[in-house]
*Asks:* 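Pasting a structure here, questions to come.
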Amino acid sequence: MFSKVNDAEFITGEHTVLKFWNERHIFQKLRAKNAGKQPWSFLDGPITANNPMGVHHAWGRTYKDSFQRYWAMNGRDLRYQNGFDCQGLWVEVEVEKQLGLGAKSAIEEFGIDKFVQECKRRVLKYAAIQTEQSVRLGYWMEWDSPEELRKLASAIGTETPVTLTTPKGITETAPAEALVSRLGNPDWGGSYFTFSTENNETIWTFLKKCFERGKVYRGHDVMPWSGRGGSAYSQMEVADGRKLTTHRALFVRFPLLDDAGQETNENLLIWTTTPWTLTSNVAAMINPELDYVKLQSKKDGLVYYFAKDNLEFQRLAKEFKEGFGRPEWQWPKGTPKLKTLSQIFKESGGYEVLDTVKGEALVGRQYRGPFDELAAQKDPRGEWQPAPSQNIAADKDTDELAIANLDRLDLFCESLGIAIDESNIQQVLLPEDLKKLAKDTLARLSQHLKCHQAGIFRQEVPEFSTLQQAQLFFKNLGYRSNILEEFYLNYERSRNDHSADLSKMVLTKLHEFLEELPAQLYRNKWRTAAEQHRVIDGGRDFKGTPNVVAGEGTGIVHCAPGCGDIDHHIGLQWGLPVLAPLQGDGTFKSTFGPFTGKNAVHPETVQLVIDSLKEKGLLVAEEKYPHIYPFCWRTGDELVFRLVDEWFINMDWRDEIMGVTKQIQWLPDSIQGQEREVEWLTNMRDWMISKKRYWGLALPIWEDPETGDFEVIGSLAELKERALDGGEGWNDFQGHTPHKPWIDGVKIRNPKTGNLMTRVEDVGNPWLDAGIVSFSTMGYNTHPDMWKKWYPADLVTECFPGQFRNWFYSLLSMATMMDGTPPFKTLLGHRLVMNEQGQPMHKSDGTAIWFEEAAEQIGVDAMRWMYLQQNPASDLRFGTRHPEEKVTLETVNGPTNTTIDGVPTCKVTSGPADEVRRQVLIPLWNSYAFFVNYARLDEFDPNAAVVPVAERPEIDRWLLSNLQALIQQVRAGFEAFDTPAACAALARFIDDLSNWYIRRNRRRFWRSKDTGDLDKRAAYQTLYETLLTLTKLMAPMTPFLAERMYGNLTSGQPNAPESVHLCDYPTADESLLDASLNRRMSLAQTVVRVAHKLREVADQRVRQPLAELRFATLSAEDLISISSLKEVIADELNVKAVSGFESLGHIVKYTYKPNLKTLGPKYGKLLNAFREELPKLPSDLLEGLRRGQTINATVGGEAVTIGPDDVLIGADQAEGWVAGDESGIQVALSTTLTPELVKEGMARDFIRHIQQARKDANLEIQQRITVDYQTSEPIVAEMLKEWSDLISSETLANEITPASGLSGKPVQVGEAEVIITIK
RNA sequence: GGGCGUGUAGCUCAGUUGGUUAGAGCGCAGCCCUGAUAAGGCUGAGGUCCGUGGUUCGAAUCCACGCACGCCCA
């Protein structure tokens, strides 16, 4: 017997279901049921275990859970392993805050070991929290018990043994560190933690493979650096610490040199706010498109170049008046307004503008640097770390440019693609040949440069389109030979002067140039900074705006590749030497003469720079310059940019990764994931895998401090062997996880030198941790059979913006290196969760919605449906958090007014969730409630003899047929990872069920209980079957609601599985699928829809019966189809008669329009004539078309043949009828009312009002009443004479009596006003 | 600067190989239905289909150029 169903109360219902699952161990039963069957492999992307979950995490987790539930119901075996991302700076930052540690040195004082244990503790704490939240979402995974995780968290860092019970029921007793290092291993079960030893060790395996292929190398990068903090900062941290400050800014001249290397009286004028960086100057950057003035100072006759716009530019004029964008950032008192350059030169004796040139003209000019006397400037290599030399060799081999012996000019020409020999060299002079020569030369230059690029410069080589462009490129590269110039001049001359000698000269110079080019390029590598000072193109940033602009400076920017981010990038592009002046503590290195040991940002250092420049006569002017500058948010010190050593993986095997990428299905299609990933792979740089921090993967790189030799170790076993074989420190390390600081004590012997090798200090990039999981979590090293079973994953899913270069990238590249295969078959990406206005939600302004706030206010089923129905390619506008409205949440553990992390809980509203409830969940629930509540009254027995479907009424067969179609659609949706399609199909079906089937069939359920007729039983059985199937279909999507409905529908059914999630997923019964029935019903629904519209037009409410509806169709078949459903139509529309006609010509005026789609191809240009003339053809002729005949007519003066398909027929207004049409079906509705019809309409109104009154009075369905009414209209009594029996039986009224003195609001019965009361 | 994508109703978005009167949901206005329904249905108002030019009998759709926005890259 079913339990009575009341309001849905979705959220408390979810709580009940959670308890039910828990108490009955449903998840465990599901796993047992499918154990050992065909696997379906899902690989979870690790969630950062550093904060509680927000609603944005729930989207992906809903996909993950729904697909797993779907495949489990299809009998597949699953791993159910969740993942936590545990290592990295994000954890360190939070732990530092928590412990009040201000700087890197503070961490070291605190103790790296204790710090690392704190990081583990935090991760375990949040893993426990996220586990609880995920359980609330209904996310079925093999979860570790949150209590066990908390137990480990509190014990970490102590030696006391702890007893851990794992999800697979194994108990182990050991110190927490040892237990934690093994979390997630296949024997224990439970979530994987990327800090586990297996995860870290598998990354070692990967890095070893990279090393064996010669891909690991040491390079460098320039990072924001805090001297006192002793650490590099991320962009985010930098943004936090910005402050307004005043620097001593300098205008400095760099004397330009002539071709012979002698100083001229011309100078570049540069400007800097960081004087200390001048010590490491290498180049000067200009913007080639900008105009530069050539200005002569009257004081000493020196000539200066700087941006023309800067001469009169009022620098910081706006900031002087308005400040720097924040109220507290006003122009500092005592700092004078900035002078224009014009003013500065006027004050020192005046100036004269000699000329204006484009920046392009300066490119390649050499100059004398401001601190060339320093040893660092004379070091031939600077800090440049060449890429592995074998790469350069390899690239040289691919240089296909055949530089043949000059004696065989013909061969050379041939290599350039010009067929010619020396005997007819005259032909070279033909303009076409010159053109071709120029074109081919440029192409060859591009190709040639690309071949020699590696290890020398990084600038992308364009396909040169002009010789000037090529020349400029070479100048940027510091190419100093004049051969190119000569070639260029000869080429220009030969275009006008066709002589064989000149022609030969062109080819000779070209040959010489190409021959010399590599030597020139490689020579640059060994030139000192002092020898290489030159003007270069400053390039553009990622937005395409030039790095160098006129305005604040001089339009010439001094470039110190070891001291600035842009400088570094541009420097690498053009192959400049990199001078790194600073040590880790922010002081100068020993190669910087008088600066050695001085702090870069100390005022004394600035003074020293100024004094030195003055002495050399290079200081043009000095000023106080206020600006926003980054400071260390911990120490308050000014940040500097510092060159740091980093470790890289050379990604020159990108083609292999692309090959793997292309074997994967990337969803959704519209996002072009594969193309994006391939594009990223095409453009990406080498992978920087190191980070100068404490908590993370210990990079398994051991270095010989003397020679710089390094080795990558592939496993702890290998390390142990090496450490015990002549190394040291293994015994002290043993018993600890391979993290800093413990691992750092292990040393190995360099077989080449016999020196001890020490591990590099760095930790790893955290994307290594996440990228290895397709190997580590499936046991690649330790459980190879298991790995073979589960690899590759059938699905991974993740929020995609950003992941193409993060997780997806690391998964793909690591799998390519490890196994050469795709780590997953399908990737389903989804976009971001936004607020209702489409804006991002922020933690800081209180608009971020926490998971539990949404779960306990919106309901998890509604949330899940929202995610699943959302197009994954679009942002989801989830809802709004109202930070000012605090609320108390009723959770499964009782009321709370804070989130799991202690934030006060606030009101959350969501339009989309309301809609889901209104359109899907409530109609479904109401359908279910309708069934259950009538079935209870009727004592319907689900086990009663089944009425064969074939014997059930057509509408039952229609519903069941539609249900089979639905099963197919939902299955197809899941299998294509297209949940929106599945949701849409379900929503449509639920609408049909509720608003068509149930509404149409209500009366079949009302008949008194002892009737016991087959028709009624058929109705119950049809609806029961449908609802039960729906619960199974929806179980993966709305697991709670489905479980509740299923539980009640199957109560007292001993053979039914105890949970909907233990059922098999429904399979369509094709024998019940009746496409023609579905089509017929859909036609009838069309007729009904049109007729409803017509009632609207005629202003006739549905309760008013009408005499007749007539319809006509294009095909006889449709006419029969609709006729078969006449009763349905009549009843639905409240008309007395429904009749089908071949033509409605007698009551309807037909309109004919040309079907352009079919006529277009046949008659093309006549179409306009068709449009005009066809409707005007004689109506008897056109009528033939309606009967399916082909007619001949004259259109546009031409004889044409028109078939029935060539016209579109519509129905227009007629007299006494209203008429309309849709999709070829014409419908006419009689509007003439007889007194009988009017009275019947009144009766229906009367019933309706009584029913409303019953409802308002909350009467039970079966309760009987008496009715009083009062009216001044005699027609009411007349109506009742005829209709009181019906009214009484419909409303369970014992009597209907006229009365007087009734109070209450009169209601409309037909035209009459009546007061009706019930009791 | 290069590549990719997007531009359709107040908002969010569909729109098939080019075809007639460009659709849906939300919101707004009105009406209707309802003894399962705190739901639902219908109608209406609301459109320079980003702009310009081209191809075509016919363009939201195809092509070219431009504009705006987004993403990726350097």
*Asks:* Let's test this: given Watson-Crick or G-U wobble pairing with both distances under 3.5 Å, identify the partner of B:rG10.
*Replies:*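 Base-paired to B:rC26.
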*Asks:* Can you measure A:L924 atom CG to B:rA39 atom P for me and round it to whole angstrom units?
*Replies:*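 Distance check: A:L924 CG to B:rA39 P gives 16 Å.
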*Asks:* Looking at every strand, decide which applies to A:W925 at a 4.0 Å heavy-atom threshold: base, sugar-phosphate, or nothing.
*Replies:*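 Nothing, no nucleic acid heavy atom in range.
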*Asks:* Shorter than 3.5 Å, N or O on both sides, protein versus nucleotides 8-19 of chain B: list them out with atom names.
*Replies:*
from: B:rU17; atom 1: O4; to: A:K1157; atom 2: NZ; distance (Å): 3.0

*Asks:* Taking the nucleotide of RNA chain B with the nearest heavy atom to each, does A:M684 or A:F930 sit closer to the 5' end?
*Replies:*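 First, find each residue's nearest nucleotide; the 5'-ward one identifies A:F930.
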*Asks:* Let me know the distance between CG of A:L1094 and C1' of B:rG41, rounded to the nearest Å.
*Replies:*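 Interatomic distance, CG of A:L1094 to C1' of B:rG41: 15 Å.
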*Asks:* Go through the structure and list residues passing salt bridge (Lys or Arg N to Asp or Glu O under 4.0 Å) with A:D1131, not counting sequence neighbours.
*Replies:*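 Applying salt bridge (Lys or Arg N to Asp or Glu O under 4.0 Å) to A:D1131 gives A:R1000.
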*Asks:* Quick check on the 6.0 Å ring-centre criterion: do A:Y934 and A:F1005 meet it?
*Replies:*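 So the answer is no for these two rings.
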*Asks:* Go through the N and O atoms of the side chain of A:N995 and the base of B:rA39, and report whether any donor-acceptor pair is under 3.5 Å.
*Replies:*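 No such pair is found, so the answer is no.
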*Asks:* Whole angstrom is fine here: how far is it from CH2 in A:W996 over to P in B:rA36?
*Replies:*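 Atom-to-atom, A:W996 to B:rA36, this comes out as 17 Å.
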*Asks:* Give the rounded distance in Å between these two atoms: CG of A:L1027 and C1' of B:rA36.
*Replies:*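 After rounding, the gap between these two atoms is 11 Å.
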*Asks:* May I have the distance from A:L681 (atom CG) to B:rG3 (atom C1'), rounded to whole angstrom?
*Replies:*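 Checked: the CG to C1' distance equals 15 Å.
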*Asks:* Nearest-Å distance, CZ (A:R988) to C1' (B:rG41)?
*Replies:*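 Rounded to the whole Å, the gap is 18 Å.
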*Asks:* Write down the distance separating the P atoms in B:rG25 and B:rC63, rounded off to the nearest Å.
*Replies:*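 Roughly 31 Å separates the two P atoms.
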*Asks:* Which nucleotide, in any strand shown, forms a Watson-Crick or G-U wobble pair with B:rG46, with both distances under 3.5 Å?
*Replies:*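 By the stated definition (distances under 3.5 Å), nothing pairs with B:rG46.
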*Asks:* Is there a donor-acceptor pair under 3.5 Å between the side chain of A:S874 and the backbone N or O of A:Q870?
*Replies:*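 Side chain of A:S874 to backbone of A:Q870, a donor-acceptor pair under 3.5 Å: no, none is there.
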*Asks:* Sticking with atom P, work out how far B:rU12 lies from B:rU56, rounded to a whole angstrom.
*Replies:*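 Going atom to atom, P in each nucleotide, I get 38 Å.
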*Asks:* Suppose we define a pair by two distances each less than 3.5 Å, Watson-Crick or G-U wobble; what does B:rU52 pair with here?
*Replies:*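 With both distances under 3.5 Å, B:rU52 matches B:rA64.
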*Asks:* Using atom P of each nucleotide, how far apart are B:rG19 and B:rC13 to the nearest Å?
*Replies:*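 Their P atoms lie roughly 24 Å apart.
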*Asks:* At under 4.0 Å between heavy atoms, how does the protein contact nucleotides 24-34 of chain B? Give one character per nucleotide, 5' to 3', with B, S or -.
*Replies:* -SS---BSSSB
*Asks:* For the side chain of A:N287 and the backbone of A:V549, is there at least one donor-acceptor N/O pair under 3.5 Å apart?
*Replies:*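 The answer is no, because no donor-acceptor pair under 3.5 Å joins these two groups.
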*Asks:* Below the 4.0 Å mark, does B:rA36 have OP1 or OP2 next to a side-chain nitrogen or oxygen of A:Y934?
*Replies:*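 A:Y934 to B:rA36 OP1/OP2: side-chain N or O found under 4.0 Å.
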*Asks:* Using the ring-ring contact (aromatic ring centres under 6.0 Å, His included) rule, take A:Y1020 and A:Y1024 through it: C-alpha gap first, then chi angles, then the decisive distance, then the call.
*Replies:* CA-CA 6 Å; A:Y1020 271 116; A:Y1024 182 73; 9.5 Å; no
*Asks:* Nearest 0.5 angstrom please: A:W996 CH2 to A:I955 CD1, how far?
*Replies:*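 Here the rounded value is 6.5 Å.
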*Asks:* With sequence neighbours excluded, give me every side chain to side chain donor-acceptor pair (under 3.5 Å) pair touching residues 916-926 of chain A.
*Replies:*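 Listed once each, the pairs are A:D914-A:R917.
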*Asks:* Could you give the distance separating B:rA24 and B:rC42 at their C1' atoms, to the nearest angstrom?
*Replies:*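 It works out to 15 Å between them.
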*Asks:* Could you tell me how far apart A:R917 (CZ) and B:rA38 (P) are, to the nearest whole angstrom?
*Replies:*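 Interatomic distance, CZ of A:R917 to P of B:rA38: 15 Å.
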*Asks:* Would you list the protein and nucleotides 4-6 of chain B atom pairs, both N or O, that sit under 3.5 Å from each other?
*Replies:*
from: B:rC4; atom 1: O2'; to: A:Q672; atom 2: OE1; distance (Å): 3.1

*Asks:* Whole-Å distance between B:rC57 P and A:E1173 CD?
*Replies:*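 Rounded to the whole Å, the gap is 18 Å.
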*Asks:* Under 4.0 Å, counting only non-hydrogen atoms across every strand here, what does A:Y928 touch: a base, just sugar-phosphate, or nothing?
*Replies:*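 It contacts nothing in the nucleic acid.
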*Asks:* With a 3.5 Å limit on both atom pairs, tell me what B:rC69 is paired to, counting Watson-Crick and G-U wobble, or say none.
*Replies:*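 Matched B:rC69 with B:rG5 under the 3.5 Å cut-off.
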*Asks:* Is A:P912 touching bases, backbone alone, or none of the nucleic acid, heavy atoms closer than 4.0 Å?
*Replies:*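 Touches nothing.
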*Asks:* For A:D1245, check salt bridge (Lys or Arg N to Asp or Glu O under 4.0 Å) against everything at least two apart and list the hits.
*Replies:*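 A:R1101, A:R1103.
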*Asks:* Expressed as a whole number of Å, how far does the P atom of B:rG53 sit from that of B:rC72?
*Replies:*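 Per the computed distance, 35 Å lies between those P atoms.
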*Asks:* P atom, B:rU20 versus B:rG40: distance in rounded Å?
*Replies:*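 Straight-line distance between the two P atoms is 32 Å.
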*Asks:* In whole angstrom, give me the gap between the C1' atoms of B:rG47 and B:rG30.
*Replies:*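 Result for the C1' pair: 22 Å, nearest Å.
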*Asks:* Just to verify, what does A:H568 make a ring-ring contact (aromatic ring centres under 6.0 Å, His included) with, not counting sequence neighbours?
*Replies:*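 Partners of A:H568 by the ring-ring contact (aromatic ring centres under 6.0 Å, His included) criterion, ordered by chain and then number, come out as A:H220.
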*Asks:* Quick one: which of B:rA36, B:rA38, B:rC71 gets closest to the side chain of A:R676?
*Replies:*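 Output: B:rC71.
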*Asks:* Applying ring-ring contact (aromatic ring centres under 6.0 Å, His included), name anything that partners A:F10, two or more places apart in sequence or on another chain.
*Replies:*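 A:F10: no ring-ring contact (aromatic ring centres under 6.0 Å, His included) contacts found.
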*Asks:* Nearest to the side chain of A:R805, heavy atoms from C-beta on, is which of B:rA36, B:rC73, B:rG41?
*Replies:*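 Nearest to the side chain of A:R805 among the choices is B:rC73.
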*Asks:* Which value, in whole Å, describes the distance between the C1' atoms of nucleotides B:rG51 and B:rA38?
*Replies:*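 49 Å, rounded to whole Å.
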*Asks:* Write down the partner of B:rA59 under the Watson-Crick or G-U wobble criteria, each distance required to be under 3.5 Å.
*Replies:*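 Its partner: none found.
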*Asks:* Contact class for A:S994 (heavy atom, under 4.0 Å): base, sugar-phosphate, or nothing?
*Replies:*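 Counting heavy atoms under 4.0 Å across all strands, the contact made by A:S994 includes a base.
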*Asks:* With sequence neighbours excluded, what pairs up with A:E679 under the salt bridge (Lys or Arg N to Asp or Glu O under 4.0 Å) test?
*Replies:*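 Once residues adjacent in sequence are excluded, A:E679 has no partner under the salt bridge (Lys or Arg N to Asp or Glu O under 4.0 Å) criterion.
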*Asks:* Quick one: list whatever passes ring-ring contact (aromatic ring centres under 6.0 Å, His included) with A:W687, sequence neighbours left out.
*Replies:*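 Partners of A:W687 under the ring-ring contact (aromatic ring centres under 6.0 Å, His included) test: A:Y809.
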*Asks:* Taking only residues two or more places apart in sequence, or in another chain, which ones meet A:D1285 in a side-chain hydrogen bond (donor to acceptor under 3.5 Å, both in side chains)?
*Replies:*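 With neighbours one apart ignored, the set is empty.
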*Asks:* Could you list the residues that satisfy ring-ring contact (aromatic ring centres under 6.0 Å, His included) with A:F473, not counting sequence neighbours?
*Replies:*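 In terms of ring-ring contact (aromatic ring centres under 6.0 Å, His included), with neighbours along the sequence ignored, A:F473 is linked to A:F464, A:W574.
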